[in-house]
S.K.: 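The structure that follows is given in the form of C-alpha cells.
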Amino acid sequence: MASSSSTLVLSTLFSSLPHQTQNPNTKHLFSSFPTYQKLPKMSLTCSPFLRPNTASNQIQLLRRFRAYTTIRDADKEEEQAVVGEDSAEFLLSKQKLSSWLYFTAILGTVLFVLNVAWIDNSTGFGKPFIEAVSELSDSPEVVMLLLILIFAIVHSGLASLRDTGEKLIGERAFRVLFAGTSLPLAVSTVVYFINHRYDGVQLWQLKDVFGVHELVWLSNFMSFFFLYPSTFNLLEVAAVDKPKMHLWETGIMRITRHPQLVGQVVWCLAHTIWIGNSVTVAASIGLIGHHLFGAWNGDRRLAIRYGENFEVVKKRTSILPFAAIIDGRQKLPKDYYKEFIRLPYFVITALTLGAYFAHPLMQAASFGLHW
C-alpha cells in the first residue's frame with residue numbers, strides 16, 4: 001500500500017511539470033508509434049496545491065506525503081502481536097456442566113475438611129497454631145509479622161518448587177498439596193488480623209475527616225480487580241482442569257504485569273489509613289514485602305518457563321501501573337475496553353460487594369474463634 005501511494009504521488013509530481021514542446025521536423029526511429037506531441041496535455045485543477053509550475057506547492061505535497069507515510073508506519077507499530085494468553089476469557093460454549101458440578105463438590109469438600117481439621121477449635125489445629133506463634137512474642141505486631149512470614153515461606157516456597165513437584169506427582173496432585181498447606185495458613189493470618197486489628201499503638205485517627213471513608217471504600221473496591229487475576233480459571237484453581245502456569249498479557253496485565261502486587265499495596269494503604277495503628281502498619285509491611293518478593297519470583301519462573309515470549313511481554317508491560325502505556329511500550333487496541341466486559345470481572349464485582357456487606361458476619365465469626 002505504501003509503495004503504490006509513493007508511485008501515485010511521484011507520478012503526480014512529474015505530471016505537474018511544464019510540458020516540453022517537440023520540434024515537428026524531428027525524425028523518429030519508430031515513426032509508427034505515437035510521438036510526444038500527439039499526447040494530450042494534462043492539467044491538474046482538482047486541488048490548488050497540485051497546480052503546475054509552483055515549486056512551493058510541490059514541496060508542500062512532498063511534506064504531506066511524508067506525513068502520510070509516517071502516520072501509516074505508526075499505525076502498523078500499534079498492532080502488537082499478542083504472544084501471551086487472553087486473560088479473563090470465558091466462553092459459555094466451552095463450558096461443561098459436569099466440570100462445574102465437580103467444582104462445586106470439590107469446593108464443598110475443601111471447606112468441610114478445612115473447618116474440621118483447622119477452624120473448629122474442638123477438632124482443628126488452627127487455635128494451637130496461633131497460640132504457638134503467639135508464645136514467641138507478647139507484641140501483636142511481631143505475631144502478625146510472624147504469621148505473614150510463615151505463610152510467605154510456605155506459599156512462595158511451594159510456588160518455586162512447582163516445576164519439580166509437578167514432574168514428581170503431577171499437576172493436579174501438586175495443586176492439592178499447594179492449596180492444602182497455603183489455605184489454612186492464610187485463614188489463620190486473616191482471622192488474627194481481624195481479631196487484633198485495633199491492638200497496638202494508635203498512630204492517627206482520620207475516620208472523621210471528610211472524604212476519607214469514600215476514598216478508602218473506593219480504594220478497597222478497586223484493589224480486588226487487581227488482587228485476583230489468578231481466579232480467572234476457577235476450574236484450574238480447584239484442579240478440575242489441569243493447572244497451568246499462564247502467561248497472561250491482555251486485560252489488567254496491560255495496566256500492570258503484577259496486578260496482585262498493585263492490589264495488595266492499594267488494599268494495605270487503604271486499611272492503614274482507615275485504622276491507623278501499629279498492627280495494621282506491621283501487617284501492611286509484611287504483606288507488601290511478600291508480594292514484592294512474589295513479583296520478582298514470578299518473573300523469574302515465567303522467564304524459565306516461557307523464555308523469549310516472556311521477555312517480549314516484559315518489554316511491553318510494567319510493574320508500575322500505566323507506566324508502559326504512558327511511555328508507549330504498551331499499545332492499547334481500539335477495543336481495549338472489551339477485555340474487561342467479561343464474566344470473571346462481573347463475578348469479582350459481585351464477590352467484592354458481597355464481602356463488603358458480609359463484614360459484620362466475618363468479624364463475628366473471627367471473634368468467635370478467640371484466636
S.K.: Got more than 12 heavy atoms from elsewhere within 6.0 Å of CG, D335?
M.R.: yes

S.K.: Establish, from distance only, whether the side-chain atoms of Q330 and R254 form a donor-acceptor pair under 3.5 Å.
M.R.: yes

S.K.: S223 and N220: side-chain donor and acceptor closer than 3.5 Å?
M.R.: no

S.K.: Can you check whether F129 reaches L185 side chain to side chain, under 4.5 Å on heavy atoms?
M.R.: yes

S.K.: Indicate whether the side chain of T272 and that of S284 have a donor and an acceptor atom separated by less than 3.5 Å.
M.R.: yes

S.K.: Establish, from distance only, whether the side-chain atoms of T250 and D86 form a donor-acceptor pair under 3.5 Å.
M.R.: yes

S.K.: Less than 4.5 Å apart, any side-chain heavy atom of R329 and any of K315?
M.R.: no

S.K.: What do you reckon, are the aromatic ring centroids of F178 and H155 less than 6.0 Å apart?
M.R.: yes

S.K.: Quick one: sort the F103 and W100 rings into parallel, tilted or perpendicular, breaks at 30° and 60°.
M.R.: perpendicular

S.K.: Please check if the number of heavy atoms outside F221 that lie under 6.0 Å from its CZ is greater than 12.
M.R.: yes

S.K.: If you compare all heavy atoms of I288 against all heavy atoms of L261, which two are closest, and at what distance to 0.1 Å?
M.R.: O-CD1, 4.4 Å

S.K.: Fit a plane to each ring of W248 and H246, take the angle between them on a 0 to 90° scale, and name the class: parallel (under 30°), tilted (30 to 60°) or perpendicular (over 60°).
M.R.: parallel

S.K.: Where do F293 and S156 come nearest, in terms of heavy atoms and distance?
M.R.: CE2-CB, 3.7 Å

S.K.: Please say yes or no: joined through hydrophobic side-chain contacts below 4.5 Å, possibly via intermediate residues, are V176 and V240 part of one cluster?
M.R.: no

S.K.: Using only heavy-atom distances, determine whether the side chains of N121 and W371 contain a donor-acceptor pair under 3.5 Å.
M.R.: yes

S.K.: Would you say R257 and D299 make side-chain contact, with heavy atoms under 4.5 Å?
M.R.: yes

S.K.: Consider only side-chain N and O atoms of Q264 and H290, and report whether a donor and an acceptor are under 3.5 Å apart.
M.R.: no

S.K.: Measure across Q95 and L235 and return the closest heavy-atom pair with its distance rounded to 0.1 Å.
M.R.: OE1-CD1, 4.1 Å

S.K.: So do W118 and S188 actually touch side chain to side chain, heavy atoms under 4.5 Å?
M.R.: yes

S.K.: Charged N to carboxylate O below 4.0 Å: is that the case for R175 and E236?
M.R.: no

S.K.: Within a radius of less than 6.0 Å around CD of E131, do more than 12 heavy atoms belonging to other residues, nucleotides or ligands occur?
M.R.: yes

S.K.: Is there a donor in the side chain of D241 and an acceptor in the side chain of S99, or the other way round, less than 3.5 Å apart?
M.R.: no

S.K.: Considering only heavy atoms from C-beta outward, does the side chain of R301 approach that of N297 to under 4.5 Å?
M.R.: yes

S.K.: Less than 6.0 angstrom separating the ring centers of Y356 and W217, yes or no?
M.R.: yes

S.K.: Considering only heavy atoms from C-beta outward, does the side chain of W274 approach that of L269 to under 4.5 Å?
M.R.: no

S.K.: Has K207 got more than 12 heavy atoms of other residues, nucleotides or ligands less than 6.0 Å from its NZ?
M.R.: yes

S.K.: Are R162 and E166 within salt-bridge range, i.e. N to O under 4.0 Å?
M.R.: yes

S.K.: For L215 versus S219, what's the shortest heavy-atom pair and its separation?
M.R.: O-OG, 2.8 Å

S.K.: ring-ring contact (aromatic ring centres under 6.0 Å, His included) with Y345: which of F340, F224, F90, Y337?
M.R.: F340

S.K.: What are the two closest heavy atoms between D199 and P140, and how far apart are they?
M.R.: CB-CG, 4.0 Å

S.K.: So, for W267 and F226, is the gap between ring centers shorter than 6.0 Å?
M.R.: no

S.K.: Please say whether more than 12 non-hydrogen atoms of neighbouring residues, nucleotides or ligands are located less than 6.0 Å from CG in D327.
M.R.: yes

S.K.: Measure the shortest side-chain to side-chain distance between M144 and T189 over non-hydrogen atoms and say whether it is less than 4.5 angstrom.
M.R.: yes

S.K.: Evaluate the side-chain proximity of V201 to L203: yes if any heavy-atom separation is below 4.5 Å, no if none is.
M.R.: yes

S.K.: Taking all non-hydrogen atoms of both residues into account, name the closest pair between S318 and L320 and its distance.
M.R.: OG-O, 2.8 Å

